Amino acid sequence: MKPKIFVTRRLPEGAMRALEDNFAVECNPHDRVLTRQELLAGVAGKDGVLPLLTDRVDDELLDAAGPQLKIVANYAVGFNNIDVAACTRRKIPATNTPGVLTDTTADLAMALLLAVARRVVPADAYARAGKYQGWAPLLFVGADVHHKTLGLLGFGRIGYAMAKRAAGFDMKVIYHDVVRADPKLEQQVGARFVDKETLLRESDFVSVHVPLTPETKHIMAAPDFALMKPTAYVINTARGEVIHEEALVAALQAGQIAGAGLDVFEFEPQIHPGLLTMEKVVILPHIASGSIETRTKMGLIAADNLIAVLIKGQTPPPTCLNPEIYA
Ligand code: GLV
Ligand code: GLV
């Protein structure tokens, strides 16, 4: 008998096939996020669970699944939705999908940066609305991107990939992180390590690339926006909670900063109403890893982890977040 797994939302076909070839798959039949009750009912009696970042995996869920549960394979690189310590206490491996979405996410961060600086979204809306009457010197003029300073808050895989893209735009790249990167990595992309205050003061674009942890929650708040140039922009493709959204809205409204490109929101899927009415904000519905190639690869990595634990008995699984359970 195939091991039983619960998949909390339908994934791209290539990923579903890999799962269905190996497992008895029960999948969310709806095209929406499951309610908590549906989620708890769905995981009951399963050997493996494949949750999304919208699904909280905690003691309650692990209890609801039952003692036969052997793996939680998150369909995301970020795993703030998973109580990894709760998994570790039960000796259940938790896994994520690192690597495959790095470039796709950096592509979108760059798209947000370009869009907000060059006013792509309101200009498109204007042209579609039939308002274009002819070329004009001041029509949707924005800010240059090339030769400007990009400040990366967080210099992990995605921050580094963003630095590579910025190099192609002749941008000056500075970064801050809790630990300084290998100087060789810095040299490859021409990135300079600075303290956070310098980063905020000097950057024309601040792009956030930290994981969400208790330490990074509200890493951008009122005092941080106050240090930024009034001509500078904030880009966030990390997690909404790293920015104090109310303070961001206040800073935008006060003209303390020039604009923002946001893929994630503090109270997702709710978006602060103050953001929705501002033309200097580009708002996307958390799609940074959303290419068909990458969303398929994310599913295949989750499948590899499930196969390793439930079929091959290979431990730790390839991208294990708590390998200490095997020590
Ligand atoms: C997406 O937000 C991810 O963490 O993979
Ligand atoms: C703009 O369209 C230009 O030709 O300068």
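Because the structure is a prediction, the values reported are computed rather than measured. Ligands are counted one by one from 1 in listed order, and the atoms in each one are counted from 1 as well.
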* To do: Compute whether any side-chain donor of one residue and acceptor of the other, for N74 and T95, lie under 3.5 angstrom apart.
  => no
* What residues come within 4.0 Å of ligand 1, counting heavy atoms only? -> L53, A76, V77, G78, L101, R239, H286
* To do: Would you confirm whether the ring centroid of H176 sits within less than 6.0 angstrom of the ring centroid of F193?
  => yes
* **Listed once per pair and sorted, the salt bridge (charged side-chain N to carboxylate O under 4.0 Å, His left out) pairs that draw on residues 100-111, sequence neighbours left out** => D103-R165, D107-R165
* Asked: In the hydrophobic cluster built from side-chain contacts under 4.5 Å, what are the other members alongside L62?
  -> F6, L34, L39, L40, V43, V49, V57, L61, L69, V72, F79, I82, V84, I92, L321
* Which distance, rounded to the nearest 0.5 Å, do you find between the CD of E246 and the NE2 of H218? -> 10.0 Å
* To do: If a pair satisfies side chain to side chain donor-acceptor pair (under 3.5 Å) and one of its residues is in residues 251-260, list it, with sequence neighbours excluded.
  => none
